[in-house]
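Okay, so here's the structure we're looking at.
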Amino acid sequence: MQIKKLVAMPSRTGRHLQRYNKGFRQVVGCIPYRIRDTKKTHLIDDITLDDLEILLISSQKSARLMFPKGGWELDEDIELAASRETLEEAGVVGLLGKKLGEWIFKSKSQEKYHEGSMFPLYVTEELEVWPEKNLRHRVWMTVNEAREACAAVWMKEALDEFVCQFTCPSREVEVDEVPLTTCLLALCGSDDLSFTIGAQTADNEVDCYLIS
């Protein structure tokens, strides 16, 4: 399916196709990003975090900012669901990266626990018209601004994981070299990141913890 064909269609509603895992509603979303300085080469080694901008969107019911996400349904794979939700809510399309992880979080409105998966999405096109244009507004921010503005703790942790992946050197790992996962964990231990593994976190919005 070409994801842009969904532009002219309304956002999916209802739960009759909703996926569940051990009672948790499965949701999926993206952290959309773009490279701010187009004068630079787009080789990964030339791009720094200061060159990135992160896209957040408002909630339908308030001005709270978050990343686009929604229900993963039975008739689609997880990558299509992530791209679809991002197009419907944020009106952007692009290149989907490696999954950042899975989190258990509690919905403030429903008081139910969900299982959320997040992907990075390198934005290649920002649409002028999209299904939820009249319900949300979107705003580009720096990485640090996005971490401060995002209302959901589990989404902040997903952003920290994106930072970990982005700042780890991009190279082939030889048999005798340190595995990439170890490299990511080392980066996540730096003082300027709040990423945690297995530790439960909470605020007045949600409770959440990373499960993979």
Side-chain angles (χ1 to χ4, degrees), residues 3 11 27-70 82-101 103 105 108 116-168 170 184 187-188 190-196 201 203-206 208 210:
I3 194 68
S11 297
V27 300
V28 61
C30 288
I31 297 178
Y33 70 98
R34 68 186 181 188
I35 299 171
R36 178 170 51 187
D37 185 1
T38 57
K39 294 180 181 180
K40 281 190 174 183
T41 173
H42 284 196
L43 292 175
I44 190 67
D45 290 340
D46 295 328
I47 304 301
T48 69
L49 288 178
D50 291 337
D51 298 317
L52 298 186
E53 289 185 324
I54 307 294
L55 181 66
L56 292 95
I57 59 172
S58 63
S59 166
Q60 286 189 1
K61 299 178 181 179
S62 72
R64 293 171 64 245
L65 294 177
M66 62 191 68
F67 298 119
K69 67 101 176 70
S83 298
R84 173 183 58 76
E85 287 291 343
T86 303
L87 181 146
E88 289 178 352
E89 295 189 353
V92 293
V93 295
L95 304 176
L96 207 64
K98 180 181 177 182
K99 186 168 75 169
L100 298 170
W103 287 262
F105 68 96
K108 182 180 179 182
S117 299
M118 293 294 287
F119 293 82
L121 180 86
Y122 174 60
V123 174
T124 57
E125 187 172 359
E126 189 172 353
L127 305 175
E128 294 297 324
V129 178
W130 69 96
E132 298 188 15
K133 178 179 180 178
N134 295 327
L135 300 175
R136 305 177 187 272
H137 72 269
R138 56 191 181 189
V139 56
W140 289 97
M141 298 183 173
T142 67
V143 172
N144 288 333
E145 289 171 342
R147 186 185 289 112
E148 289 295 321
C150 184
V153 172
W154 73 278
M155 288 186 173
K156 290 177 184 281
E157 293 190 355
L159 178 59
D160 287 343
E161 173 63 5
F162 168 68
V163 169
C164 288
Q165 290 191 8
F166 187 86
T167 54
C168 189
S170 177
L184 295 182
L187 283 166
C188 286
S190 62
D191 293 337
D192 60 336
L193 297 177
S194 61
F195 180 75
T196 58
T201 61
D203 65 4
N204 58 0
E205 301 290 348
V206 293
C208 67
L210 179 67

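Taking the six-membered ring for Trp and thresholds of 30 and 60 degrees, Phe105 and Trp154 have nearly parallel ring planes, at less than 30 degrees apart.
Counting all heavy atoms, side chain and backbone alike, Glu88 lies closest to Trp130 at O-CD1, 3.2 Å. Nearest heavy-atom pair across Pro120 and Lys98 is CD-O, 3.0 Å. When all heavy atoms of Ile57 and Ala90 are compared, the closest pair comes out as CG2-CB, 3.7 Å. Residues Glu85 and Pro68 approach most closely at O-CB, 4.2 Å, considering heavy atoms. Annotation for Ser62 and Ser58: closest pair O-CB, 4.0 Å, computed over non-hydrogen atoms. For the pair Gln165 and Lys99, the tightest heavy-atom approach, listed with the atom from each and the gap, is NE2-O, 3.9 Å.
Partner Val143 forms a side chain to side chain contact (heavy atoms under 4.5 Å, CB included) with one of Ile54, Ile31, Asp160 and no other, that one being Ile54. Partner of Val92 under the side chain to side chain contact (heavy atoms under 4.5 Å, CB included) criterion, chosen from Leu121, Leu87, Leu127: Leu121.
Other residues, nucleotides and ligands contribute only 12 or fewer heavy atoms inside 6.0 Å of the CD atom of Glu128.
Expressed to the nearest 0.5 Å, how far CG of Asn144 lies from OG1 of Thr142 amounts to 5.5 Å. Here the CG atom belonging to Leu56 is positioned 12.0 Å from the CZ atom belonging to Arg136, to the nearest 0.5 angstrom. Distance check: Arg84 CZ to Glu89 CD gives 9.0 Å after rounding to the nearest 0.5 Å.
The shortest side-chain heavy-atom distance between Val123 and Glu53 does not fall under the 4.5 Å cut-off. The shortest side-chain heavy-atom distance between Cys30 and Phe67 does not fall under the 4.5 Å cut-off. Side chains of Lys69 and Met155 form a contact here, defined as non-hydrogen atoms less than 4.5 Å apart. Counting only heavy atoms from C-beta outward, the side chains of Phe166 and Leu52 approach each other to under 4.5 Å. Counting only heavy atoms from C-beta outward, the side chains of Met66 and Ser59 approach each other to under 4.5 Å. Contact annotation: the side chain of Leu159 never approaches that of Cys150 to less than 4.5 Å [non-hydrogen atoms, C-beta and beyond].
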Please assess Arg34 against Leu55 for the test side-chain contact (heavy atoms from CB on, under 4.5 Å), listing each intermediate value before the final yes or no. CA-CA 8 Å; Arg34 68 186 181 188; Leu55 181 66; over 6 Å; no
For a side-chain contact (heavy atoms from CB on, under 4.5 Å) check, start with the C-alpha distance between Leu65 and His137, then their side-chain angles and the critical distance, and finish with the verdict. CA-CA 9 Å; Leu65 294 177; His137 72 269; 4.0 Å; yes
Are Met118 and Glu161 close enough, and set up right, to give a side-chain contact (heavy atoms from CB on, under 4.5 Å), and what steps lead you there? CA-CA 10 Å; Met118 293 294 287; Glu161 173 63 5; over 6 Å; no
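Judged purely by atom type and a 3.5 angstrom limit, Ser117 has no side-chain atom pairing as donor or acceptor with the backbone of Val28.
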